[in-house]
Amino acid sequence: MSDVSVPSVLAKKGLTSNSFSMCFGEHGYGRITFGDNNSNDNNSLDQGKTPFNIRPLHSTYNITVTQIIVGGNVADLELNAIFDTGTSFTYLNNPAYKQITQSFDSNIKLQRHSASESDDLPFEYCYELSPNQTTVQVPTVNLTMKGGDNYYVMDPIVTDGNNNVLCLAVLKSNNLNIIGQNFMTGYRIVFDRENMALGWRESNCYDDELSSLPANRSYAPGISPAMAVNPEKTSNQSNNPERLPSSHSLKIKPAFAFTVAISLLLAIF
């Protein structure tokens with residue numbers, strides 16, 4: 001959140017409002033939009049919101065989770081977590097890590113994978129898939145944020161197609177709780193630095209219609225159109241959020257892959 005960040009520089013020059021959004025779609029594709037605070041979006045009422053925790057000495061995008069729901073298991077616990085687009089996976093310390101992993105384990109209907117020395121899997125909770133399996137019923141993971149809005153994790157798993165293994169893509173942390181890129185997939189995440197709030201709305205990253213800034217005009221901070229870096233449009237999936245049941249079916253992805261982290265000046269380091 002410091003003044004050296006890209007949104008701060010653009011806002012000081014009057015090019016955009018002091019905010020941005022990140023959207024991660026399937027297969028690692030996505031978009032970053034500078035100046036996006038969702039205020040001019042017709043679907044802004046569908047957006048969930050939660051306030052940032054302001055910490056002058058550690059200026060990160062820190063939020064508060066008040067409840068964790070996995071499948072039918074509900075746990076009222078409070079934890080602070082950093083939304084960090086520069087981290088590929090999600091890191092949690094106890095008791096949140098224990099609650100999510102053990103609840104996921106008790107709800108999924110797959111045999112636990114026995115790790116071997118040849119495995120290159122960093123995750124503790126992995127499961128066996130049949131050779132020709134293409135879909136799997138996965139327990140839903142929902143984080144209730146401070147303020148009461150729900151944040152449904154769209155795709156909490158990764159798969160190793162070579163070894164027919166599915167893993168819950170959450171790693172144990174001994175320090176910070178970090179919501180990484182994998183928990184942001186399927187959402188347009190708005191980092192509203194002016195109102196000190198995080199927003200999220202379901203999106204495939206391609207259907208949002210946003211304006212591009214002309215190169216020869218300047219705009220007052222807070223009222224400018226967004227400046228977007230757009231990928232090629234490949235999908236027409238609806239942006240309307242859906243409230244998920246206790247489990248949902250996901251397609252098995254063909255290969256295990258780590259996503260390259262996007263750092264710019266927006267990550268926590």
Side-chain angles (χ1 to χ4, degrees), residues 24 38 45-55 58-85 87 89-110 112 123-127 136-158 166-192 195-202 240-250 268:
F24 294 103
N38 208 34
L45 295 178
D46 294 332
Q47 178 177 256
K49 290 184 179 180
T50 193
F52 287 130
N53 300 320
I54 308 304
R55 297 180 176 180
H58 301 284
S59 187
T60 58
Y61 299 106
N62 189 294
I63 54 86
T64 299
V65 177
T66 60
Q67 188 180 66
I68 295 176
I69 305 173
V70 181
N73 299 333
V74 181
D76 293 321
L77 56 86
E78 185 170 302
L79 68 141
N80 294 326
I82 298 169
F83 261 71
D84 181 26
T85 61
T87 300
F89 298 112
T90 294
Y91 292 76
L92 297 174
N93 54 30
N94 286 326
Y97 177 80
K98 183 178 180 179
Q99 171 62 26
I100 283 185
T101 55
Q102 293 189 0
S103 295
F104 188 92
D105 186 60
S106 66
N107 279 273
I108 196 166
K109 307 302 181 183
L110 293 174
R112 187 84 175 268
F123 308 107
E124 182 180 2
Y125 285 83
C126 296
Y127 305 88
V136 63
Q137 286 294 119
V138 175
T140 58
V141 177
N142 172 35
L143 307 177
T144 304
M145 301 296 190
K146 184 177 181 179
D149 286 346
N150 292 312
Y151 186 95
Y152 293 94
V153 180
M154 300 292 183
D155 189 359
I157 63 171
V158 295
L166 171 151
C167 298
L168 174 62
V170 178
L171 295 162
K172 188 175 183 180
S173 170
N174 293 321
N175 189 4
L176 298 173
N177 294 306
I178 299 176
I179 304 300
Q181 176 188 323
N182 69 316
F183 269 34
M184 301 185 208
T185 298
Y187 281 112
R188 171 181 163 194
I189 308 292
V190 176
F191 297 81
D192 188 346
N195 297 305
M196 287 295 142
L198 182 83
W200 61 92
R201 182 167 63 83
E202 184 179 348
N240 294 329
E242 295 181 358
R243 295 299 176 255
L244 302 177
S246 60
S247 66
H248 61 294
S249 180
L250 291 177
I268 70 170

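Counting heavy atoms from C-beta on, the side chains of Ile68 and Ile100 come closer than 4.5 Å. Glu124 has its side chain out of reach of Thr101: every pair of non-hydrogen atoms, C-beta onward, lies at least 4.5 Å apart. At least one side-chain heavy atom of Pro156 sits under 4.5 Å from a side-chain heavy atom of Val138. Two residues are said to be in side-chain contact when any heavy atoms from C-beta on lie closer than 4.5 Å; Phe24 and Thr85 meet this criterion. Counting heavy atoms from C-beta outward, Gln102 and Val70 have side chains that stay 4.5 Å or more apart. Residues Asn93 and Asn175 form no side-chain contact, since every pair of their non-hydrogen atoms from C-beta on lies 4.5 Å or further apart. Side chains of Met154 and Thr185 form no contact here, defined as non-hydrogen atoms less than 4.5 Å apart. Between Leu176 and Thr60, every side-chain heavy-atom pair lies at or beyond the 4.5 Å cut-off.
For Pro51 against Ile63, the heavy-atom pair with the smallest separation is O-CG2, 3.8 Å. Scanning all heavy atoms of the two residues, the minimum distance from Trp200 to Asp149 falls at CZ2-CB, 3.7 Å. Residues Leu92 and Tyr97 come closest through the heavy atom pair O-CB, 3.4 Å. Taking both residues in full, the closest heavy atoms of Tyr91 and Lys172 are given as CD2-O, 4.5 Å, listed atom of the first, atom of the second, then distance.
Judged by distance alone, with hydrogens and angles left aside, the side-chain atoms of Thr66 form a donor-acceptor pair with the main-chain N or O of Thr144 at under 3.5 Å.
Summarising the geometry, atom CE belonging to Met196 is positioned 5.0 Å from atom CD1 belonging to Ile54; distances are rounded to the nearest 0.5 Å. Atoms CD1 and CG, on Ile189 and Asp192 in that order, are 13.0 Å from each other to the nearest 0.5 Å. Taking OG1 from Thr140 and CG from Asn150, the interatomic distance works out to 10.5 Å, rounded to the nearest 0.5 Å. Taken from CG in Asp84 to CD1 in Ile178, the straight-line distance is 6.0 Å, to the nearest 0.5 Å. Here the straight-line distance linking atom CD of Glu78 with atom NZ of Lys146 works out to 7.0 Å at 0.5 Å rounding. Residue Ile82 holds its CD1 atom at 8.5 Å from OG1 of Thr87, rounded to the nearest 0.5 Å.
Counting only N and O atoms by type, the side chains of Asn53 and Thr64 include a donor and acceptor under 3.5 Å apart.
Listed by chain and residue number, Asn73, Pro139 satisfy the side chain to side chain contact (heavy atoms under 4.5 Å, CB included) test with Asn107 (two or more places apart in sequence, or in another chain). The side chain to side chain contact (heavy atoms under 4.5 Å, CB included) test applied to Asn182 returns Phe89, Thr90, Ala169, not counting sequence neighbours. For Asp105, the side chain to side chain contact (heavy atoms under 4.5 Å, CB included) partners at least two apart in sequence or on another chain are Arg112, Tyr125, Tyr127.
Of the residues Tyr151, Tyr187, Phe52, the one that meets the ring pair (Phe, Tyr, Trp, His ring centres under 6.0 Å) test with Phe83 is Tyr151.
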With side-chain contact (heavy atoms from CB on, under 4.5 Å) as the criterion, how do Lys49 and Leu198 come out once you've worked through the C-alpha distance, each side chain's angles and the decisive distance to 0.1 Å? CA-CA 6 Å; Lys49 290 184 179 180; Leu198 182 83; over 6 Å; no

